[in-house]
Amino acid sequence: ENRKNDGDCGSSSRRCRLSMTGVRFVEAPLSRTGMEALEEWGEKLDWSMSSNTRSNGAAPAPRNASVARPKTLVELESVDAVQKAGIPPSNGSFANACATMDDSTGVYIYAPKPGLLNKIQDGKRVRKLSYECRQFPRSSGYPEDPATGIAA
């Protein structure tokens with residue numbers, strides 16, 4: 001079986017596990033102009049990006065990730081910041097910004113929930129994080145995608 005496991009997810013020390021057959025996972029940092037567009041929208045909509053993002057800390061830098069069409073992933077400071085984040089307007093300006101973000105199909109904001117979920121698996125303690133997430137599609141006809149649970 002052709003499976004990819006524990007694929008490297010960027011420069012962060014965090015790793016992702018992919019269990020897909022024949023699907024290539026692509027992840028890339030935003031270009032300078034893409035990052036500028038993201039920061040502009042982050043300020044407009046009060047998306048409090050993690051301060052660790054800009055100082056090579058624990059949080060990964062904003063990036064585009066995809067198995068088909070890229071989505072911009074942005075870690076925010078806290079679950080509270082995710083819940084309070086503003087929703088982009090549907091007047092086309094956010095869609096244009098997403099195009100500048102290296103042709104992203106939208107922005108996916110997230111933050112780890114407080115506390116780690118620990119369990120024992122194969123005799124080893126496994127730490128798993130749980131995340132609070134929201135997705136704002138580029139131009140799907142609705143400002144926020146409600147399918148951010150299992151579909152994410």
Side-chain angles (χ1 to χ4, degrees), residues 4-117 127-152:
K4 292 183 178 188
N5 290 311
D6 295 325
D8 189 0
C9 289
S11 60
S12 163
S13 62
R14 296 180 185 152
R15 297 172 73 80
C16 65
R17 168 158 269 169
L18 300 177
S19 297
M20 304 165 105
T21 303
V23 177
R24 185 169 173 250
F25 178 76
V26 178
E27 186 173 25
L30 289 174
S31 66
R32 190 181 86 238
T33 55
M35 191 64 194
E36 289 169 358
L38 175 63
E39 287 175 345
E40 178 183 335
W41 278 96
E43 288 176 22
K44 286 180 183 179
L45 300 171
D46 196 26
W47 293 348
S48 303
M49 287 187 258
S50 175
S51 57
N52 290 333
T53 298
R54 296 194 181 127
S55 63
N56 285 336
R63 65 219 181 271
N64 280 352
S66 171
V67 291
R69 299 172 54 215
K71 180 78 63 191
T72 303
L73 307 178
V74 182
E75 184 169 325
L76 300 190
E77 290 178 344
S78 65
V79 168
D80 191 51
V82 171
Q83 293 170 347
K84 290 181 178 178
I87 298 173
S90 57
N91 62 10
S93 57
F94 181 69
N96 291 338
C98 287
T100 304
M101 289 178 230
D102 308 326
D103 204 27
S104 173
T105 59
V107 175
Y108 194 89
I109 59 173
Y110 66 96
K113 290 182 179 179
L116 296 172
L117 302 175
R127 296 179 355 162
K128 295 194 180 224
L129 291 174
S130 180
Y131 292 88
E132 183 81 17
C133 309
R134 292 175 69 193
Q135 183 195 175
F136 305 108
R138 174 177 174 170
S139 57
S140 297
Y142 43 86
E144 185 170 352
D145 188 349
T148 54
I150 190 107

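Remember, predicted model here, so these are calculated numbers, not experimental data. Computed over heavy atoms, backbone and side chain alike; hydrogens, waters and symmetry mates excluded.
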(request) Would you name the heavy atoms of Gly106 and Lys71 that are closest together and state the gap between them? (result) O-CD, 3.3 Å
(request) Give a yes or no on whether the backbone of Ser104 and the side-chain of Thr72 come within a donor-acceptor separation of less than 3.5 Å. (result) no
(message) So, taking the atom named CD in Glu36 and the one named CD in Glu39, what distance separates them when rounded to the nearest 0.5 Å?
(response) 7.5 Å
(message) Can you tell me how the ring of Phe94 sits relative to the ring of Trp47, calling it parallel under 30°, perpendicular over 60° and tilted otherwise?
(response) perpendicular
(request) Ignoring hydrogens and angles, tell me if any N or O in the side chain of Arg134 forms a donor-acceptor pair with the backbone of Ala85 under 3.5 Å. (result) yes
(request) Answer yes or no: is there a side-chain heavy-atom contact under 4.5 Å between Asp145 and Tyr108? (result) no
(request) Write down the atom of Val82, the atom of Tyr110, and the distance for their closest heavy-atom approach. (result) CG2-C, 3.7 Å
(request) For Asp102 and Arg63, run salt bridge (Lys or Arg N to Asp or Glu O under 4.0 Å): C-alpha distance rounded to whole Å, both residues' side-chain angles, the deciding distance at 0.1 Å, then the answer. (result) CA-CA 10 Å; Asp102 308 326; Arg63 65 219 181 271; over 6 Å; no
(request) Looking only at non-hydrogen atoms, find the nearest pair between Trp41 and Ser93 and report the distance. (result) CH2-OG, 3.5 Å
(request) Please report the shortest heavy-atom distance between Lys113 and Val79, naming the atom on each side. (result) CA-CG2, 3.7 Å
(request) With rounding to the nearest 0.5 Å, note down the distance linking CG in Leu45 to CD in Glu40. (result) 10.0 Å
(message) If you define the side chain from C-beta out and look only at heavy atoms, does anything of Glu75 sit under 4.5 Å from Pro112?
(response) yes
(request) Calculate, to the nearest 0.5 Å, the distance between atoms CD and CD1 belonging to Glu144 and Ile87 respectively. (result) 4.5 Å
(request) Locate the shortest heavy-atom distance separating Ala68 from Ser66; write the atom from each residue and the value. (result) N-OG, 2.7 Å
(message) Ignoring hydrogens, what is the shortest heavy-atom contact between Pro143 and Pro88? Give both atom names and the distance.
(response) CB-O, 4.1 Å
(message) Walk me through whether Gln83 and Leu76 qualify under side chain to side chain contact (heavy atoms under 4.5 Å, CB included).
(response) CA-CA 10 Å; Gln83 293 170 347; Leu76 300 190; over 6 Å; no
(request) Answer whether the closest heavy-atom distance between the side chains of Leu30 and Asn64 falls below 4.5 Å. (result) yes
(request) If a pair satisfies salt bridge (Lys or Arg N to Asp or Glu O under 4.0 Å) and one of its residues is in residues 80-90, list it, with sequence neighbours excluded. (result) Asp80-Lys84
